[in-house]
Amino acid sequence: MCYKTRVVNRPFLKIINSLISRPVMEPQYFPEKVEQDARAWWGKHRSFKAVADPRREKYYCLSMFPYPSGKLHMGHVRNYTIGDVLTRFMRMHGKNVLQPMGWDAFGLPAENAAMANGVPPAKWTYDNIAYMKKQLQSLGFAIDWEREIATCKPEYYKWNQWLFLRMLEKGIAYKKTGVVNWDPVDQTVLANEQVIDGRGWRTGALVEKREIPMYYLAITKYAEELLADLDKLPEWPERVRTMQANWIGKSVGVRFAFPYKLDGRDEKLWVFTTRADTIMGVTFCAVAAEHPLATHAAKNNPKLAAFVDECKRGSVMEADIATIEKKGMPTGISVTHPLTGEPIPVWVGNYVLMGYGEGAVMAVPAHDERDFHFAKQYGLSIKQVIAVEGEQFTTDNWTEWYADKERGRCVNSGKYDGLGYDAAVDAIAADLKAKGLGDKQVMWRLRDWGVSRQRYWGCPIPIIHCEACGDVPVPDKDLPVVLPEDCVPDGSGNPLNKRADFVNCQCPKCGQPARRETDTMDTFVDSSWYYARYASERGDSAMVDGETGYWMPVDQYIGGIEHAILHLLYSRFWWKVMRDTGLVRGDEPFARLLTQGMVLNEIFFRKPASGRIQYFNPAEVEVKLDDKGNRVGAVLMSDDQPVESGGIGTMSKSKNNGVDPQALIEQYGADTARLFMMFAAPPEDTLEWSDEGVAGANRFLRRLWKLVAEHVNAGLPGKADISNLPEPLKALRRLAHQTLAKVTDDIGRRRTFNTAIAAVMELVNALSRIEDGSPQAKAVRHEALEIVVVLLSPMVPHITHALWQALGHTQAIIDTSWPAVDTAALKQDSIEIVVQVNGKLRGRVAVPATAAEDEVRKLALADEGVARHVGDKPVKKVIVVPGKLVNIVVAG
RNA sequence: GCCGAAGUGGCGGAACUGGUAGACGCGCCAGACUCAAAAUCUGGUAGUGGCAACACUGUGUGGGUUCGAGUCCCACCUUCGGCACCA
């Protein structure tokens, strides 16, 4: 079938109307055609090109760039639709907008794909990028594609290397050993996700911890600023700032030592504690398996050596370590309590981490829950040194108050008895200092950022190892160190190690043959500054250029809540380093943050008597309902046999509950997909997938199209007098302008696109009910339809592009200004007041908008329903909330 | 285990500053159109009791503050996100 385009300018339309009776606007909505036309128009006019212009106010809207995993998933669609709505909204408010897009192109999945299919990660990645770019374009996002970047390209990662070298010079980047997961069979380092139940994912071998040399970035040097500057981010969600503050974890405590003699030498066991007030209650110390003291003690103690080995096995993940059974073994070594001089036994504990603080802790079983259980388990003594008035201490079981800093007072602590937390810590720290055995110290939970990865598909670390000169930085003129793109990882370690042409090189210092570093950088490095590169001209002469100063900081950053800590903290750190290197100005890269929720779908499965659980995609399952719409079961459509429900979960391959955006776009069009995504939930909440919901979104667009078509095909209205409207039309105009005000606030301030769309739907419903064909009605309807179309345009840009033209505009809607509310239209003579009796709704009264409180009270008391409930009981009190409600409080 | 969130009809959600609980959408029911179905349109739809008017109950659970609590406070339960090599 062939349909004439409905895009006609107004005078021409009038002529057509007068000549023939055939409709000029196609009454049915065909999304494919509409969307193609709109995209062609934007393309032809280069509508999305962003040009820095210091005379104009900028708005930099950034969505977290995708990992090119193969195809878009619904999380991407949601993320980028939110960004696009804000970008288009701000553009219509006159801002000079920038919305870029690119690819977080290095990472593990490319290597996994290579192992599965034998395709080089580079080819796999570039193919995925090409496909996903097409998908993004078909969604109609207002992206300036001229700024596209991919982090796996040398012109991008060259600057990772360049800034890394500057960090080396500043002492921010440095080398030390770190612990990794080691697969003894594949002889390779595993990522945490490649360790399943303590075993290598491919080999099934028990994973070991192994210490290897790695490069670290001293993010802890910026800890104080990273914490303090959270106050400069009032437009970030409170919960993200709290999570970051807790992650950085500043604590003021005391670092002190337990002296001891070892082989006749005087040694010190250093520990850190935030509870120095409990120091008199120390009954033992615990050290990590890797601690020198443990190593020493294990030398002549096979049982202890075996235990130390056991501790070294297993996961390096904190969540695992925190939940493992607490185990320990005595070393046989005793240290001396720095204040009492008593001997204190030292244990090895599997819950003490070498990487944290000193790798050793003091244990106060009476006032630390973990120590308490450990002491009970191994029969170690428990000594109460804190008391709370009115509470009874017992070693039988743990009680919350044992660790109470606020109410606790020192007891059994000699000269410190009676002191509260602050006074006790001060006094004890002073005494330790006097003995030269310790002092107060600020401690951070935050650890330095280990950036070395023993993997191929990443940015090479620009270091050359020379036998004579040691570790030599690659000179700037030799950057970038280019990663060969034809390697195919096979699971047995980094293929770069086998690439002689990559590894073999000359020492830049002495010219002798040397070995190139084969470790690559953590992909969090790539994503720590891409936002600044977009904003630059992306030339080869500098990491970022002057244009960055115009666009940065990002005005609105949007991404998943799962990035609330790591990515955002690393980016803030990297940006500060760039600032201190003189590359950029300003303390923070992201002025405002929106953390979008996950996209969920139902999970269906069958669990055969033997074998693995089989998951079914919800598209293949039919849900059975009873008369009232209650769910009674579900069957697989192909065999009509029941399947079990596994509840709701994040869309994932493993649960087979993903929905392909491509299929959705093909069936309904991009606008329907976008509308559903924005309507189904507020952006920060999780979003549950619903096929029926999508169909509903599409139904609304069809209804809107028809409404506009009927209006346009009846002939566009001329000028009509709207100063003296009959009440129903006045009400419609009022609703239109109320909706305009609400939607402007919902998108611009509240970011609740779901309520914005609901409000527009209400206006459309009201509009559908008006059947008046008078010129006045036509004019009011026309104005209301224009408002509807404009308000929806950030969400559904294609259909509104067409409808706007159909409504007689020659200027494209994307270039139109957001309309202003006509406050005169909002005026109301009479308002409804709710009347309560003892807090319960008992009636409603209409009162003049200008009524005084006394008058409102009188009218409320006169209401029939109210009078019935008040009866002859005495009125104790009347509360009047102007414009809203009256509450009458009566006795009894 | 630690840190951070969320829990409201059959379902997704609304209620923004403590002031009408359930907007809007989905689903379901009834009706119109149709030979029929789909699509579309109209109406109904928290629960219980009642012919109805209306009344009572109701925002995860248990307490509290208030004239008034989904919203504030305390305790608990469940689900989700992060925990440093997934991105």
Side-chain angles (χ1 to χ4, degrees), chain A residues 64 66-67 69 104 107-109 112 178 180-181 189-195 237-240 242-243 245-247 249 316-324 351 355 369-370 446-447 449-450 452-455 522-524 527 560-567 569-570 595 597-598 600 625-631 647-650 676 679-682 684-697 699-700 702-703 706 745-746 749-750 752 754-755 757-762 765 768 832-836 838-841 844 865 876-879 881 884-889:
Chain A
M64 288 181 187
Y67 178 80
S69 55
D104 190 11
L108 206 51
N112 295 342
V180 294
N181 301 303
V189 175
L190 298 179
N192 284 335
E193 72 159 7
Q194 296 174 315
V195 179
E238 183 70 40
R239 59 171 161 162
V240 175
T242 307
M243 280 192 267
N246 289 339
W247 184 263
V316 301
M317 284 174 70
E318 189 192 294
D320 291 340
I321 291 159
T323 48
I324 50 167
Y351 61 94
E369 188 170 5
R370 196 171 52 178
L446 181 68
R447 310 197 297 256
W449 176 12
S452 293
R453 295 291 179 272
Q454 297 70 42
R455 270 177 254 296
D522 181 4
T523 56
F524 273 125
S527 54
I561 182 68
E562 67 273 18
H563 294 293
I565 296 175
L566 292 179
H567 161 64
L569 194 65
Y570 291 147
T595 49
M598 314 274 252
L600 314 178
L625 302 175
D626 68 10
D627 299 349
K628 289 186 167 181
N630 296 313
R631 172 181 292 212
I648 306 274
T650 334
F676 171 71
F679 180 61
E684 310 233 2
D685 291 6
T686 54
L687 181 148
E688 269 183 56
W689 189 256
S690 155
D691 287 327
E692 292 81 11
V694 174
R699 189 175 309 144
F700 172 72
R702 288 202 310 263
R703 225 155 64 87
K706 215 172 96 188
D745 186 52
D746 282 355
R749 180 182 63 90
R750 297 177 65 208
T752 52
N754 56 328
T755 55
I757 294 166
V760 176
M761 285 174 167
E762 283 189 73
N765 289 345
S768 314
E832 192 187 67
I833 295 280
V834 165
V835 189
Q836 297 177 335
N838 284 346
K840 286 195 173 182
L841 175 66
R844 297 157 203 273
K876 284 163 70 178
K877 198 170 171 186
V878 178
I879 289 143
V881 182
K884 283 236 164 181
L885 149 157
V886 176
N887 187 16
I888 298 154
V889 185

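Chain A is the first sequence line, chain B the second, and so forth, proteins listed ahead of strands; every chain is numbered from 1.
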I'd like to check the side-chain hydrogen bond (donor to acceptor under 3.5 Å, both in side chains) partners of [X]; sequence neighbours left out, ordered by chain and number.
X: A:Asn192; answer: A:Asn181
X: A:Thr650; answer: none
X: A:Arg699; answer: none

Of the listed nucleotides ([options]), which one gets closest to any side-chain atom of [X]?
X: A:Glu318; options: B:C86, B:A84, B:G27; result: B:A84
X: A:Trp247; options: B:A84, B:G27, B:U40; result: B:A84
X: A:Ala322; options: B:G1, B:A87, B:G81; result: B:G1

On a whole-Å scale, what distance lies between the [atom1] atoms belonging to [N] and [M]?
N: B:G44; M: B:G10; atom1: C1'; answer: 15 Å
N: B:G22; M: B:G13; atom1: C1'; answer: 9 Å
N: B:U34; M: B:A53; atom1: P; answer: 35 Å
N: B:C26; M: B:G81; atom1: P; answer: 29 Å
N: B:C24; M: B:C76; atom1: P; answer: 40 Å
N: B:U20; M: B:C74; atom1: P; answer: 24 Å
N: B:U57; M: B:A36; atom1: P; answer: 49 Å
N: B:G62; M: B:C67; atom1: C1'; answer: 24 Å

Return no unless some side-chain N or O of [X] is found under 4.0 Å from OP1 or OP2 of [N].
X: A:Arg703; N: B:U40; value: no
X: A:Asn246; N: B:G4; value: yes
X: A:Arg699; N: B:G25; value: no

What is the distance from [atom1] of [X] to [atom2] of [N], rounded to the nearest Å?
X: A:Met243; N: B:C83; atom1: CE; atom2: P; value: 11 Å
X: A:Glu692; N: B:G10; atom1: CD; atom2: C1'; value: 13 Å
X: A:Leu569; N: B:C83; atom1: CG; atom2: P; value: 13 Å
X: A:Trp689; N: B:G12; atom1: CH2; atom2: C1'; value: 13 Å
X: A:Phe700; N: B:U40; atom1: CZ; atom2: P; value: 14 Å
X: A:Glu684; N: B:G81; atom1: CD; atom2: P; value: 17 Å
X: A:Leu566; N: B:G4; atom1: CG; atom2: P; value: 16 Å
X: A:Ile565; N: B:C3; atom1: CD1; atom2: P; value: 12 Å

Any side-chain heavy atom of [X] sitting closer than 4.5 Å to one from [Y]?
X: A:Leu600; Y: A:Leu687; answer: no
X: A:Tyr67; Y: A:Thr523; answer: no
X: A:Phe679; Y: A:Phe700; answer: no
X: A:Lys884; Y: A:Val834; answer: no
X: A:Val195; Y: A:Asp320; answer: no

If you assign A:Met761 and A:Ile648 each to the RNA chain B nucleotide with the nearest heavy atom, which residue ends up on the more 5' nucleotide?
A:Met761
Contact nearer the 5' end of RNA chain B, comparing A:Lys840 with A:Leu108
A:Lys840
Syn/anti label of B:G9 as read from its glycosidic torsion, with the cut at 90° from 0
syn
Side chains of A:Thr755 and A:Asp746 only: does a donor on one sit below 3.5 Å from an acceptor on the other?
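Side-chain D/A pair, A:Thr755 to A:Asp746: present.
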A:Met243 and A:Ala564: which non-hydrogen atoms are nearest, and at how many Å?
CE-CB, 3.9 Å
Would you mind classifying the nucleic acid contact of [X] as base, sugar-phosphate or nothing, using non-hydrogen atoms under 4.0 angstrom?
X: A:Val180; answer: base
X: A:Arg239; answer: sugar-phosphate
X: A:Met64; answer: nothing
X: A:Leu446; answer: base
X: A:Gln454; answer: base
X: A:His567; answer: nothing
X: A:Tyr351; answer: nothing
X: A:Trp449; answer: nothing
X: A:Thr650; answer: sugar-phosphate
X: A:Thr523; answer: sugar-phosphate

Once ring pair (Phe, Tyr, Trp, His ring centres under 6.0 Å) is applied, do any residues pair with A:Trp247, and if so which ones, sequence neighbours excluded?
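Residues passing ring pair (Phe, Tyr, Trp, His ring centres under 6.0 Å) with A:Trp247: none at all.
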Side chain to side chain contact (heavy atoms under 4.5 Å, CB included), that's the test. Do A:Arg703 and A:Ser768 meet it? Break it down for me.
CA-CA 9 Å; A:Arg703 225 155 64 87; A:Ser768 314; 3.9 Å; yes
Aromatic rings A:Trp689 and A:Phe676: how do their planes relate, parallel, tilted or perpendicular, breaks at 30° and 60°?
perpendicular
Please convert RNA chain B into dot-bracket. A pair counts if it is Watson-Crick or G-U wobble with both distances under 3.5 Å; crossing pairs go in [ ] and bases paired with another strand get |.
(((((((..(((......[....)))((((((.......))))))((((....))))..(((((..]....))))))))))))....
Report, as a single string ordered 5' to 3', how protein heavy atoms within less than 4.0 Å touch nucleotides 13-23 of chain B: B base, S sugar-phosphate only, - not at all.
SSSB--BB--B
